[in-house]
S.K.: 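One structure coming up, written as structure tokens, with questions to follow.
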Amino acid sequence: MVHPDGKALSYREVVDLGISLDEVSRERGACLLPHWAACGVYPVKPGEYCFSGNIWNATDLPENVRIDPSSISFQMWKDIPVPFYLTVHFFEVLNPKQVLQGAKPVLTQRGPYVYREYRYKTNITFHDNDTVSYLEYRNLFFQPHLSSGTEDEYVVVPNILMLGAAVMMEKLPNFLKILLSGALAGLKQEAFMNRTVREIMWGYEDPLINAINTIVPGLIPFKGKFGLFIDFNNSDSGLFTVNTGMKNISQVHMVDSWNGLKKVNYWRSSQCNMINGTAGEMWPPFMSPTSLEFYSPDACRSMTLVYEQSGKFKGVPTYRFVAPKTLFANGTDYPPNEGFCPCLQSGIQNVSTCRLNAPMFISHPHFYNADPSLVDAVEGLHPSKDQHGLFLDVHPMTGIPMNCSIKLQLNLYIKQVSGIIQTGKIKPVVLPLLWFAESGSIDGSVLKQFYTNLVLLPSVLDYLQYIFLGLSVPLIISAAVLMAMSKTSDAEKSPSAPARQSKAPSSSETTPLLHDTDTPSQDDAET
């Protein structure tokens, strides 16, 4: 195998670069490839998976990474065996009374509150066009030993329902806003609330829901409890239909439709509404160091991550993909994002159109990679790439993520709304509510199998070829010496053959010195 720059590649370098299996087969022969196992995590939605427990021949890679009940990986694709964790940090407001008077919010980070996440697929249905549909459910379980606090701790946060409804009603007639303000007073609702982590996460009963729907029917199209993650636990992320890769391995896991849609209708441009890439679980094998795409139902859009660098995760070669600065840029700074507007500053995305029209924004934690004005508008934020940047480490030959941490922040746009006295004199601000990370990595026996079969064995084979080459040199030299000695010996043992002449020499041509001295000459005979 030869690198594009002309340098010969060892087998180890072939594995490290993730060069196409077809290229390897053509150059070196499929029989030279080792047996190896594949295992990985698949983030984003973030969603994840892992393949493990079986050693594959690399020539069978397309057959084993495709989605097929007869495939080695199918059961692992269906039920994810690798542990994943949801980590949540809340932003507590330390000066709620001052914020009502127009002061800058002062925040402190609380947590983490950690949950073990389990994912499994149901309703798996194969179709004639080489696609498969499924629902993926997730279950979360609180992990006290990994958390800094309990779910029963109280946190002061904005009254999301009240402040969100106020902004949503800003352009409605004044009498409706006055009615809402009166209802808020009767229910003793305030701009900030003190509730437990459990309530904010998983929901609480709030009479405000019925009151708002009575005044403005349909403004909040749900009943019962309200919680930021109430639809995140014991629920599915929509009906995905993805390519199985049966006919074309380069299309495996690519999304064909989501909830029956080829594109969504949340945004203002066709490009922004496109459903691109995979479901965020796995990518086709033989990846190039450019970019990867996935569709995230939680963000209501497709996302593109860009290649940052090559590296290794616990010895396994990986490509690291990260979010570009343009991911949440506004339409002014990055015109292709104009379809996601109306926009505010770069670094936040308005998701109100897919979140019941509530003034909600998503961003990187602590407004990392965002317009500095967002950070300056509050106190207590400290953006950092190491702590707040999302990343995905993928093994390039298999397309399987080895390590990932997908991080997002939820923000609420709040302000004073005339007619609703409970909003006081709040200055317009995008206020962080919480940020969360869904993280997972291959470890234990799964990692050991992956490392042994994809790293260690190729290295051994690579070293062996040089050892054999080194041993062959003296053998070749010895063989050459023996052959030379054999020829010399044969030449010495064979007698010299007399010179052949075309005719016998006449007596006149023979010198006397060659005559036999015992034979008498003619003159002697006459005497």
Side-chain angles (χ1 to χ4, degrees), residues 1-5 7 9-28 30 33-44 48-52 56-66 73 77 82 245 248-254 277-294 304-324 390-406 440-442 446-447 449-459 461-462:
M1 173 61 67
V2 178
H3 193 277
D5 64 8
K7 182 186 72 172
L9 294 180
S10 67
Y11 182 79
R12 173 63 176 276
E13 291 171 315
V14 170
V15 174
D16 286 350
L17 289 173
I19 292 174
S20 167
L21 180 62
D22 291 336
E23 295 179 63
V24 176
S25 299
R26 287 195 298 270
E27 293 281 347
R28 304 191 61 169
L33 297 174
H35 289 74
W36 49 286
C39 173
V41 286
Y42 315 85
V44 194
E48 298 87 6
Y49 306 113
C50 175
F51 299 130
S52 64
W56 302 344
N57 187 296
T59 56
D60 297 328
L61 175 62
E63 179 180 347
N64 287 302
V65 299
R66 67 190 186 188
S73 65
W77 170 81
V82 168
N248 186 354
I249 195 60
S250 68
Q251 293 297 306
V252 67
H253 295 286
M254 301 298 283
T278 73
E281 307 160 342
M282 186 178 179
W283 283 263
F286 316 124
M287 300 180 70
S288 60
T290 52
S291 64
L292 58 77
E293 290 184 298
F294 60 90
T304 300
L305 303 186
V306 297
Y307 171 82
E308 182 185 53
Q309 63 184 13
S310 296
K312 291 186 178 181
F313 174 73
K314 298 185 178 180
V316 179
T318 58
Y319 287 164
R320 170 158 289 194
F321 296 89
V322 299
L390 65 83
F391 67 86
L392 188 63
D393 292 337
V394 185
H395 182 257
M397 180 173 277
T398 61
I400 297 172
M402 302 293 297
N403 183 32
C404 68
S405 186
I406 307 302
S441 62
I442 295 178
V446 172
L447 174 65
Q449 288 183 5
F450 201 104
Y451 177 80
T452 298
N453 294 284
L454 273 177
V455 179
L456 186 59
L457 288 182
S459 296
L461 291 178
D462 192 29

S.K.: Looking at CZ of Phe321 and SG of Cys404, how far apart are the two atoms once the value is rounded to the nearest 0.5 Å?
M.R.: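 Going from the CZ atom of Phe321 to the SG atom of Cys404 covers 13.5 Å.
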S.K.: Any heavy-atom pair between the side chains of Pro285 and Ile249 that's under 4.5 Å?
M.R.: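 In short, these two side chains touch, coming nearer than 4.5 Å.
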S.K.: Do Trp283 and Leu392 touch side chain to side chain, with heavy atoms closer than 4.5 Å?
M.R.: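 Answer yes - side chains close enough.
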S.K.: Please lay out, stage by stage, how Phe391 and Asn403 fare under the test side-chain contact (heavy atoms from CB on, under 4.5 Å).
M.R.: CA-CA 8 Å; Phe391 67 86; Asn403 183 32; 3.5 Å; yes
S.K.: For residues Val322 and Leu390, determine if any side-chain heavy atom of one lies less than 4.5 Å from a side-chain heavy atom of the other.
M.R.: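 They are not in side-chain contact.
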S.K.: Rounded to the nearest 0.5 Å, how far does OG1 of Thr290 lie from OH of Tyr307?
M.R.: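 Between atom OH of Tyr307 and atom OG1 of Thr290 there are 10.0 Å.
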S.K.: How long is the straight-line distance from NZ of Lys314 back to CG of Asp393, given to the nearest 0.5 Å?
M.R.: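 Rounded to the nearest 0.5 Å, the CG-NZ separation comes out at 12.0 Å.
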S.K.: Would you name the heavy atoms of Ser441 and Phe313 that are closest together and state the gap between them?
M.R.: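 Smallest heavy-atom distance, with atoms named: CB-CZ, 3.6 Å.
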S.K.: Compare all side-chain heavy atoms of His395 with those of Pro317 and state whether any distance is below 4.5 angstrom.
M.R.: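 Yes, their side chains come closer than 4.5 Å.
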S.K.: Please find the pair of heavy atoms, one from Met254 and one from Thr278, that lie closest to each other, and give the distance.
M.R.: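 Shortest heavy-atom separation between Met254 and Thr278 comes out as SD-CG2, 3.7 Å.
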S.K.: Minimum heavy-atom separation for Tyr319 and Ser288, please, with both atom names.
M.R.: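 Nearest pair, atom of Tyr319 first, then Ser288: CE1-C, 3.9 Å.
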S.K.: So which atom in Ser291 and which in Thr304 form the shortest heavy-atom distance, rounded to 0.1 Å?
M.R.: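 Shortest heavy-atom separation between Ser291 and Thr304 comes out as CB-CG2, 4.0 Å.
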S.K.: Of the non-hydrogen atoms in Gly399 and Pro401, which two are nearest, and what is the gap between them?
M.R.: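 Scanning both residues, the minimum pair turns out to be O-CD, 3.6 Å.
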